[in-house]
Asker: 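Structure below; questions to follow.
Nothing here was measured: the structure is a model prediction, and the numbers come from that model. Residues: numbered from 1 along the sequence shown.
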Amino acid sequence: MKREGVCTRSQTKKQKAWTAWRGNSLLDNPFEEEFGSLSDSGQGGWTELSKEVASNLAGTVVSLASFADEKTVFFACTGIIIVNKPTFTSCLTSLSLVRSIDDDTKILHDMTIEVRLPDNKLELGWLESYDLKYNVAVINIGRYHSLQVTCLDHQRQFESHSKVVAVGRCFNSGKLMATAGMLTDNPQGAYREELAISTCEITMTGVGGPLVDFNGDFIGMNFYAEKETPFLPRIKILELLSQFRKTIQWMATNKKGPGSKIERFPRPCKPDSEGINCFTPVAPGLMDRLLLERKSLCSGRPSYPYFGVPTKKELRSNGYPLPVWQNVGMRLLNNFEEKFSEDIWSKLERNVASNMSQSVVALASFSGKTRCFACTGVFIDCNGSTTRVLTSASLVRTSDNENKVADNLKIVVCLPDNRHTRGTLQHYSLHYNIAVVYIKNFCCTQTAQIDNQMLIKPQKEVVAIGRVYQSGKLMATSGIVIDKPSKLGCKELKISTCKITKAGIGGPLIDFDGNFIGMNFYGLEEAPYIPVNIILKVLKNFDAQGTVARDDDDSPNRWPVPKSFWCYPKWHEIEEEIDVEEEIIYHRQRQQF
């Protein structure tokens with residue numbers, strides 16, 4: 001088989017993406033391209049393996065695919081089962097499955113991951129752990145009883161020129177393939193020093209698949225290159241898996257401590273620039289076979305002023321009204337993605353920024369697939385494997401009647417590492433507009449220090465913190481506390497001059513030393529906030545009630561939040577010229593989707 005050229009990550013940045021449709025197994029689909037010989041052929045690499053070894057490989061090798069939407073494939077590759085426990089099953093594979101093409105330090109957490117099991121059944125998966133430097137990912141699925149596990153703990157040593165077999169599985173067809181070769185020396189400077197090389201010739205389908213000897217002993221995980229196959233050796237993989245386990249075990253068995261910086265995933269590090277980075281398995285010879293559009297991830301057009309050019313589906317799913325599409329230059333005001341006009345995050349002390357970045361989250365509530373509300377929250381405690389978040393009750397109020405909490409809402413929490421997880425409403429107060437959401441099977445590494453009550457005098461400098469739900473971006477804006485009554489019904493409210501957006505609702509108000517002062521609400525000119533002493537009183541009442549979500553007061557207050565609407569901006573606010581004729585043509589075309 002003729003091999004095609006290697007593609008480094010910098011070259012790949014010039015590529016927009018490849019779009020494939022479910023069920024596409026044609027030869028022009030690079031993620032379905034076969035190599036070597038199929039397992040049922042009894043030829044090629046399979047002739048070197050015993051029936052027992054072939055059976056073990058067939059039972060432990062899976063295929064995975066990530067989807068940008070229901071039909072658009074982002075990446076597909078091979079994986080191996082490494083853990084099978086009562087509550088979950090783990091697969092080892094390549095991080096390219098969810099790694100951004102345009103920014104190799106970014107992980108695309110909103111991808112849908114599917115795993116095709118050895119018996120051809122599909123399971124939904126999620127990203128459990130990863131390492132950017134070595135391009136390794138662990139994908140978890142729910143327990144599946146008939147699965148075998150790859151043995152990684154053997155003590156065999158392998159010398160250069162040892163005979164080996166590379167194995168892969170196609171995602172759509174589920175076909176299992178193998179090709180034989182031998183270990184060889186890593187040409188000096190050609191690949192990263194951590195990698196080893198085999199002469200096995202695989203296609204992109206085999207990325208993330210196992211390299212084994214003829215006895216079936218695991219040697220490493222394959223990547224893709226031109227004339228040979230680089231692989232990450234077993235010893236380095238075991239080191240990474242041990243690091244993943246230690247981090248997760250620490251979080252499950254220890255409470256957080258002040259200043260702790262333990263993270264769920266290893267801290268991202270930028271890939272080395274020396275040598276060929278073969279961790280992006282796309283070859284230039286395939287480029288003319290790749291479609292240059294990935295609808296939900298890439299945009300080939302300049303961004304629309306102020307908000308981008310969203311589709312009707314995107315607007316509806318985010319709970320926004322539709323604009324008049326023929327009209328050009330309109331701006332969506334009061335949206336949940338709007339950043340603070342003044343962002344002083346870079347001016348915060350390092351320890352304050354670190355603590356806030358690990359304790360401030362974003363939340364969104366959904367009715368079906370439609371988002372109802374989005375705001376900020378902050379971790380307040382962690383008890384075993386359950387973490388609680390303090391936020392605004394606006395998250396769960398009904399839009400038609402603010403005095404009621406909506407039924408059957410789904411709450412999603414955007415964690416500090418940008419992962420999304422389910423939350424559950426535990427308590428709420430419609431009088432103080434406070435809610436507590438808890439997260440199961442997650443232990444935070446930092447919480448807000450709400451027990452340290454600060455005496456705040458007027459003119460005290462303060463900082464309002466917020467996090468945008470969609471992007472996960474942290475924001476900070478400064479102001480002072482002023483002696484002024486709130487116009488809202490709750491008389492205990494105080495006022496700061498911090499100017500926040502809707503995204504900052506529910507976020508913490510702190511001083512420049514990081515002390516917790518209160519929780520922010522939205523105001524047109526200033527930001528009302530509920531002081532920490534009132535919050536502590538409400539939390540004490542919540543804790544006395546048990547775990548059932550209920551209101552603690554029969555006198556709910558109105559907490560109006562402005563709705564989103566479209567308008568024309570003032571001409572001096574437009575920062576770039578618009579080709580009006582081009583925009584009109586473009587929007588007419590968009591109406592046809």
Asker: Decide yes or no for S359 and T447: does some side-chain heavy atom of the first lie under 4.5 Å from some side-chain heavy atom of the second?
Answerer: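 A side-chain contact is absent here, since even the closest heavy-atom pair is not under 4.5 Å.
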
Asker: Is there a side-chain contact between I530 and L493 in this structure, where contact means two heavy atoms from C-beta onward sitting under 4.5 Å apart?
Answerer: yes

Asker: Counting distance only, does the side-chain N/O of T376 pair as donor-acceptor with the main-chain N or O of A503 below 3.5 Å?
Answerer: yes

Asker: Mind listing the closest non-hydrogen atom pair of L474 and D343 along with its distance?
Answerer: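 Scanning both residues, the minimum pair turns out to be O-OD2, 3.9 Å.
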
Asker: Could you check whether any side-chain N or O of T501 sits under 3.5 Å from a backbone N or O of E338, counting only pairs where one atom can act as donor and the other as acceptor?
Answerer: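 Judged by distance alone, yes, a pair lies under 3.5 Å.
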
Asker: I'd like to know if the side chain of N433 pairs up with that of R397 as donor and acceptor (distance under 3.5 Å, no hydrogens or angles considered).
Answerer: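 N433 vs R397: donor-acceptor pair found between side chains.
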
Asker: Taking the side chain as every heavy atom from C-beta outward, state whether I411 and L425 have any atom pair closer than 4.5 Å.
Answerer: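 Contact flag for I411/L425 side chains = yes.
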
Asker: Over all heavy atoms of both residues, which pair between T112 and L124 is shortest? Give the atoms and the distance, please.
Answerer: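 Closest heavy-atom pair between T112 and L124: CG2-CD2, 3.9 Å.
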
Asker: Quick check for you: to the nearest 0.5 Å, what is the distance between I113 atom CD1 and F74 atom CZ?
Answerer: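 Reported value, rounded in 0.5 Å steps: 11.0 Å.
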
Asker: Would you compute the distance between atom CD of E114 and atom CG of L117 and round it to the nearest 0.5 angstrom?
Answerer: 11.0 Å

Asker: Between D103 (side chain only) and T105 (backbone N and O only), is there a donor and an acceptor less than 3.5 Å apart?
Answerer: yes

Asker: Side chain to side chain contact (heavy atoms under 4.5 Å, CB included) for L363 and V389? Distances and angles first, verdict last.
Answerer: CA-CA 9 Å; L363 304 95; V389 179; 4.2 Å; yes

Asker: Without swapping roles, check the side chain of T477 against the backbone of E342 for a donor-acceptor pair under 3.5 Å.
Answerer: yes

Asker: Please answer whether the main-chain N or O of K473 pairs with a side-chain N or O of R467 as donor and acceptor at a distance below 3.5 Å.
Answerer: no

Asker: So do the side chains of R419 and F442 get within less than 4.5 Å of each other, counting heavy atoms only?
Answerer: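 Of all side-chain heavy-atom pairs linking F442 with R419, at least one is under 4.5 Å.
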
Asker: Kindly state whether the ring of F67 and the ring of F75 have centres lying under 6.0 angstrom apart.
Answerer: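 No, the ring centres sit 6.0 Å or more apart.
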
Asker: Answer yes or no: is there a side-chain heavy-atom contact under 4.5 Å between Y432 and C490?
Answerer: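 With C-beta onward as the side chain, the pair touches.
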
Asker: Show your reasoning for whether side chain to side chain donor-acceptor pair (under 3.5 Å) applies to S94 and N135.
Answerer: CA-CA 6 Å; S94 167; N135 210 49; 3.1 Å; yes

Asker: Are the side chains of F512 and E349 in contact, using a 4.5 Å heavy-atom criterion?
Answerer: no

Asker: Applying the ring-ring contact (aromatic ring centres under 6.0 Å, His included) test to F336, which of F373, Y522, Y469 qualifies?
Answerer: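 Filter result, single survivor: F373.
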
Asker: Rounded to the nearest 0.5 Å, what's the gap from CG on N533 to CD1 on I517? Could you check?
Answerer: 12.0 Å

Asker: Might you work through the side chain to side chain contact (heavy atoms under 4.5 Å, CB included) test for R388 and F379, ending with a clear yes or no?
Answerer: CA-CA 6 Å; R388 295 202 303 170; F379 294 140; over 6 Å; no

Asker: Within the 4.5 Å heavy-atom criterion, are N318 and Q470 side-chain neighbours or not?
Answerer: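 Side chain of N318 against side chain of Q470, heavy atoms only: contact under 4.5 Å found.
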
Asker: Taking all non-hydrogen atoms of both residues into account, name the closest pair between K339 and M475 and its distance.
Answerer: CA-SD, 3.4 Å

Asker: Would you say the side-chain atoms of E526 and T497 include a donor-acceptor pair closer than 3.5 Å?
Answerer: no

Asker: Could you give me the CA-CA distance, side-chain angles and deciding distance for D483 and Q459, then say whether side chain to side chain donor-acceptor pair (under 3.5 Å) is met?
Answerer: CA-CA 8 Å; D483 188 10; Q459 306 305 309; over 6 Å; no

Asker: Measure from the side-chain N and O atoms of S367 to the backbone N and O of T370, and report whether any donor-acceptor pair falls under 3.5 Å.
Answerer: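 Flag not set: sc S367 to bb T370 has no pair under 3.5 Å.
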
Asker: Which atom names give the shortest non-hydrogen contact between I495 and K484, and what distance separates them?
Answerer: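 In this case the closest contact between I495 and K484 is CG1-O, 3.2 Å.
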
Asker: Could you point out which residue of L95, L64, T89 forms a side chain to side chain contact (heavy atoms under 4.5 Å, CB included) with I139?
Answerer: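 The single option meeting the side chain to side chain contact (heavy atoms under 4.5 Å, CB included) with I139 is L64.
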
Asker: Apply side chain to side chain contact (heavy atoms under 4.5 Å, CB included) to residues D131 and F244 and explain how you reach the verdict.
Answerer: CA-CA 9 Å; D131 187 280; F244 296 158; 4.2 Å; yes

Asker: Would you confirm whether K502, through its side chain, and P562, through its main-chain N or O, come within 3.5 Å as a donor-acceptor pair?
Answerer: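 Yes; judged by distance alone, with no hydrogens or angles, the pair exists.
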
Asker: Quick check: closest heavy atoms across V462 and S496, and the distance to 0.1 Å?
Answerer: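 Heavy atoms of V462 and S496 come nearest at CG2-CB, 4.0 Å.
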
Asker: I'd like to know if R371 and E337 make a salt bridge, using a cut-off of under 4.0 Å between side-chain N and carboxylate O.
Answerer: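 Yes, charged N to carboxylate O under 4.0 Å.
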
Asker: Give, for atom CD of E461 and atom CD1 of I480, the distance between the pair rounded to the nearest 0.5 Å.
Answerer: 8.0 Å

Asker: What I'd like to find out is whether the side chain of T386 reaches to under 4.5 Å of the side chain of I439, using heavy atoms alone.
Answerer: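 No, too far: nothing below the 4.5 Å cut-off.
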
Asker: Working to the nearest 0.5 angstrom, can you tell me the gap between S392 OG and M519 CE?
Answerer: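 Those atoms lie 5.5 Å apart.
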
Asker: Test I107 against every option in N418, D417, L127, L97 by the side chain to side chain contact (heavy atoms under 4.5 Å, CB included) rule and name the one that passes.
Answerer: L127

Asker: Please tell me whether S564 and N335 have a donor and an acceptor in their side chains that are separated by less than 3.5 angstrom.
Answerer: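 There is no such pair (donor and acceptor under 3.5 Å, judged by atom type) between the side chains of S564 and N335.
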
Asker: Taking the side chain from T387 and the backbone from C444, do they hold a donor-acceptor pair closer than 3.5 Å?
Answerer: yes

Asker: Rounded to the nearest 0.5 Å, what separates atom OH in Y438 from atom CZ in R422?
Answerer: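 Reported value, rounded in 0.5 Å steps: 10.5 Å.
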
Asker: Indicate the atoms forming the closest heavy-atom contact of Y529 with N520, along with that distance.
Answerer: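 In terms of heavy atoms, the two residues are closest at CB-OD1, 3.9 Å.
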
Asker: So, the side chain of S357 versus the backbone of A353: is there a donor-acceptor pair under 3.5 Å, distance only?
Answerer: yes

Asker: Determine, stepwise, if the pair I535 / I434 fulfils side chain to side chain contact (heavy atoms under 4.5 Å, CB included).
Answerer: CA-CA 8 Å; I535 293 174; I434 291 174; 4.0 Å; yes

Asker: Is a donor on one side and an acceptor on the other found under 3.5 Å between the side chain of N355 and the backbone of N351?
Answerer: yes

Asker: Within a 6.0 Å radius of atom CD on E239, are there more than 12 heavy atoms belonging to other residues, nucleotides or ligands?
Answerer: yes

